[in-house]
Peer 1: 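Sharing a structure here in structure tokens format.
A note on names: the letters A, B, ... follow the listed sequences, proteins ahead of strands, and every chain is numbered from 1.
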Number of protein chains: 2
Amino acid sequence: MSELDSIDTAMLRILQQNGRISNAELAERVGLSPSACSRRLDILEKSGVISGYHAHLSQKALDYRMIAIVHISLSGQFAKTLAEFEAAVKLCPNVLVCYLMSGEYDYILRVAAKDLADYERIHRDWLSALPHVVKINSSFALREIIDRPNVGV
Amino acid sequence: MSELDSIDTAMLRILQQNGRISNAELAERVGLSPSACSRRLDILEKSGVISGYHAHLSQKALDYRMIAIVHISLSGQFAKTLAEFEAAVKLCPNVLVCYLMSGEYDYILRVAAKDLADYERIHRDWLSALPHVVKINSSFALREIIDRPNVGV
DNA sequence: ACCGTCTTCGCAAGGACATTGCGCGTGACT
DNA sequence: AGTCACGCGCAATGTCCTTGCGAAGACGGT
């Protein structure tokens with residue numbers, strides 16, 4: 001993919017906020033004809049700049065209401081150690097987010113569970129089984145204050 | 001909104017994974033006519049069960065590449081203290097996620113910044129100005145391992 | 001300067017899609 | 001039994017998406 005010009009970034013900004021906008025309206029808002037806009041959108045999708053579109057559900061509609069934040073320390077920082085841990089953590093479907101971090105802990109995870117019993121199962125069957133882990137620290141979200149998909153939306 | 005039946009939840013599950021699916025295909029996959037599906041979708045959107053649709057962009061396409069995880073402790077747990085903090089934190093557009101937490105810290109924030117200089121500005125102008133804060137601890141994401149919008153996708 | 005190439009545009013057409021009104025069937029409640 | 005409310009499918013209409021096509025502009029080599 002070549003560089004993104006100002007029209008591409010305008011399209012992306014709009015689609016971040018309204019992923020189901022029609023091509024016709026998107027075209028009008030960025031000042032293109034529908035055909036040109038459709039072709040650009042096709043390129044953005046096929047090149048992977050846009051990795052997908054997702055409906056955002058209100059929390060009450062979700063089966064997975066409980067959010068845990070999990071801090072994890074490994075036994076070392078060797079590349080092989082990190083790679084093995086990362087390959088394993090990717091397999092757990094309840095892990096929504098995982099970052100390699102600076103600071104006290106090596107990784108931070110955002111884990112979704114249906115309830116406390118479900119989290120206990122996830123902790124036992126998945127998190128405890130991750131390789132090279134020497135410390136796991138789970139905290140639970142008591143209330144969601146903000147959950148924005150993108151900056152400034 | 002009344003209860004969600006199995007067709008509604010099937011629609012939601014599909015839309016979580018593919019927010020730009022056509023109504024015709026969605027109808028076929030849940031076993032409804034396009035008209036019935038369109039009417040159900042309208043209800044789900046208007047009632048707020050679906051709060052929006054968003055394009056998910058690859059990290060390289062984003063202006064905001066840097067993710068900071070910020071732990072915050074307040075000077076007390078009084079309802080008024082929490083409410084004032086929450087009202088203030090909601091105003092910062094760079095805060096993507098904010099949870100009231102159990103455990104050592106009161107709040108955990110996910111903050112997006114363009115670069116370190118941008119984060120320094122956010123920290124100075126927004127985070128330091130939040131009321132009742134007694135401790136702020138910022139960590140930075142070195143690498144993104146997982147970023148799923150939903151469970152099991 | 002000229003010409004070939006490459007890119008991206010707008011226009012137009014045909015096919016697909018979304019939406020709305022309408023009538024029917026089902027189940028609950030009187 | 002009658003009535004009412006609800007949700008469905010069908011059909012029609014208007015809108016939208018996509019693709020082929022030709023033109024305009026950018027760029028580089030001769």
Side-chain angles (χ1 to χ4, degrees), chain A residues 1-65 114 148-150 153, chain B residues 1-65 148-150 152-153:
Chain A
M1 174 95 200
S2 56
E3 272 311 291
L4 302 174
D5 63 16
S6 66
I7 296 181
D8 289 319
T9 57
M11 290 173 61
L12 294 175
R13 208 174 316 117
I14 293 169
L15 287 165
Q16 274 189 14
Q17 298 177 34
N18 180 3
R20 230 176 142 80
I21 189 175
S22 74
N23 179 69
E25 189 185 339
L26 180 62
E28 197 201 332
R29 286 179 56 181
V30 301
L32 281 182
S33 71
S35 59
C37 186
S38 173
R39 278 183 280 248
R40 275 175 182 263
L41 185 54
D42 196 52
I43 293 172
L44 290 172
E45 290 170 353
K46 293 207 170 120
S47 69
V49 173
I50 298 176
S51 62
Y53 301 91
H54 306 282
H56 196 238
L57 307 188
S58 76
Q59 198 139 4
K60 69 171 191 285
L62 294 169
D63 280 345
Y64 293 85
R65 293 184 165 80
K114 294 184 180 180
R148 292 190 181 104
N150 303 109
V153 175
Chain B
M1 173 94 201
S2 58
E3 273 311 291
L4 303 174
D5 64 15
S6 65
I7 296 181
D8 289 319
T9 56
M11 289 173 60
L12 293 175
R13 207 174 316 118
I14 292 169
L15 287 165
Q16 273 189 13
Q17 298 178 34
N18 180 3
R20 229 177 144 79
I21 188 174
S22 73
N23 180 68
E25 189 185 339
L26 180 62
E28 197 201 331
R29 285 179 57 182
V30 301
L32 280 182
S33 71
S35 59
C37 185
S38 173
R39 277 184 278 248
R40 275 176 182 262
L41 185 53
D42 196 51
I43 292 171
L44 290 172
E45 289 169 354
K46 294 206 170 122
S47 69
V49 174
I50 298 175
S51 63
Y53 301 91
H54 307 282
H56 196 238
L57 306 188
S58 76
Q59 199 139 3
K60 69 173 191 284
L62 295 169
D63 282 345
Y64 293 85
R65 292 183 166 80
R148 292 192 182 102
N150 303 110
V153 176

Peer 1: Starting from P on D/dG7, measure out to CE on B/M11 and report it in whole angstrom.
Peer 2: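 So the CE-P distance, B/M11 to D/dG7, works out to 13 Å.
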Peer 1: Just so I know, are the side chains of B/H56 and A/H54 near enough to count as touching, which here means a heavy-atom distance under 4.5 Å?
Peer 2: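 Result yes, sub-4.5 Å side-chain heavy-atom pair found.
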Peer 1: Please tabulate, for the side chains in residues 24-33 of chain A, all donor-acceptor contacts under 3.5 angstrom to protein atoms that are two or more places apart in sequence or on a different chain.
Peer 2:
unit_1: A/S33; atom_1: OG; unit_2: A/S35; atom_2: OG; d: 3.2
unit_1: A/S33; atom_1: OG; unit_2: A/A36; atom_2: N; d: 3.3

Peer 1: As an exercise, state the distance from CG of A/N150 to CZ of A/R148, rounded to the nearest 0.5 Å.
Peer 2: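 Going from the CG atom of A/N150 to the CZ atom of A/R148 covers 10.5 Å.
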Peer 1: Rounded to the nearest angstrom, tell me the gap between atom CD1 in B/I7 and atom P in D/dC6.
Peer 2: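 Atom-to-atom, B/I7 to D/dC6, this comes out as 17 Å.
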Peer 1: What pair of heavy atoms forms the shortest contact from A/A55 to B/I50, and how long is it?
Peer 2: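 Reported closest heavy-atom pair: CB-CG2, 4.3 Å.
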Peer 1: Which whole-number value in Å describes the distance from B/L26 CG to C/dC17 P?
Peer 2: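 It works out to 13 Å between those atoms.
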Peer 1: Walk me through whether B/R20 and A/L41 qualify under side-chain contact (heavy atoms from CB on, under 4.5 Å).
Peer 2: CA-CA 13 Å; B/R20 229 177 144 79; A/L41 185 54; 3.9 Å; yes
Peer 1: Nearest 0.5 Å please: distance from the CG atom of B/L12 over to the CD1 atom of B/I7.
Peer 2: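 The distance works out to 12.0 Å.
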Peer 1: Without decimals, in angstroms, what is the distance between B/I21 CD1 and C/dA16 C1'?
Peer 2: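 One finds 15 Å between C1' of C/dA16 and CD1 of B/I21, rounded.
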Peer 1: Separation of A/I43 atom CD1 from D/dT18 atom P, in whole Å?
Peer 2: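 Computing the A/I43:CD1 to D/dT18:P distance gives 13 Å.
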Peer 1: Residues in salt bridge (charged side-chain N to carboxylate O under 4.0 Å, His left out) with A/R40, at least two apart?
Peer 2: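 For A/R40 the salt bridge (charged side-chain N to carboxylate O under 4.0 Å, His left out) partners, ignoring immediate neighbours, are A/D5, A/D8.
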Peer 1: Side chains of B/L44 and B/M11: closer than 4.5 Å at any heavy-atom pair?
Peer 2: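 When only atoms from C-beta onward are counted, B/M11 and B/L44 do touch, with a gap below 4.5 Å.
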Peer 1: Sequence neighbours excluded, which residues qualify as side chain to side chain donor-acceptor pair (under 3.5 Å) partners of B/Y53?
Peer 2: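 Testing B/Y53 for side chain to side chain donor-acceptor pair (under 3.5 Å), a comparison that skips the adjacent residues, returns B/E45.
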Peer 1: Which atom pairs link the protein and nucleotides 23-26 of chain D when you take only N or O atoms and keep those under 3.5 Å?
Peer 2:
none

Peer 1: Within the sub-3.5 Å range, which N or O atoms of nucleotides 13-15 of chain C have a protein N or O partner, and how far apart are they?
Peer 2:
none

Peer 1: When the distance from CZ of B/R20 to P of C/dC17 is rounded to whole Å, what number comes out?
Peer 2: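 Whole-Å distance recorded here is 14 Å.
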Peer 1: What's touching nucleotides 10-14 of chain D from the protein side, N or O pairs under 3.5 Å?
Peer 2:
unit_1: D/dC10; atom_1: N4; unit_2: B/S35; atom_2: OG; d: 2.9

Peer 1: Side-chain contact, heavy-atom cut-off 4.5 Å: B/R39 with B/I43?
Peer 2: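 With C-beta onward as the side chain, the pair stays apart.
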Peer 1: Report the distance from atom CZ of B/R40 to atom P of D/dC6, rounded to the nearest whole Å.
Peer 2: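 The distance from CZ of B/R40 to P of D/dC6 comes to 14 Å, rounded to the nearest Å.
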Peer 1: Starting at CG of A/N23 and ending at C1' of C/dA16, how long is that distance when rounded to a whole Å?
Peer 2: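 In whole Å, C/dA16 C1' lies 14 Å from A/N23 CG.
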Peer 1: Output yes when a side-chain donor or acceptor of A/T9 lies under 3.5 Å from a complementary backbone atom of A/S6, and no otherwise.
Peer 2: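 Yes, the answer is positive, given that a donor and an acceptor are paired below the 3.5 Å cut-off.
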Peer 1: Which nucleotide in the set C/dT19, C/dC17, C/dG10 lies at the smallest distance from any side-chain heavy atom of A/L32?
Peer 2: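 Nearest listed nucleotide: C/dG10.
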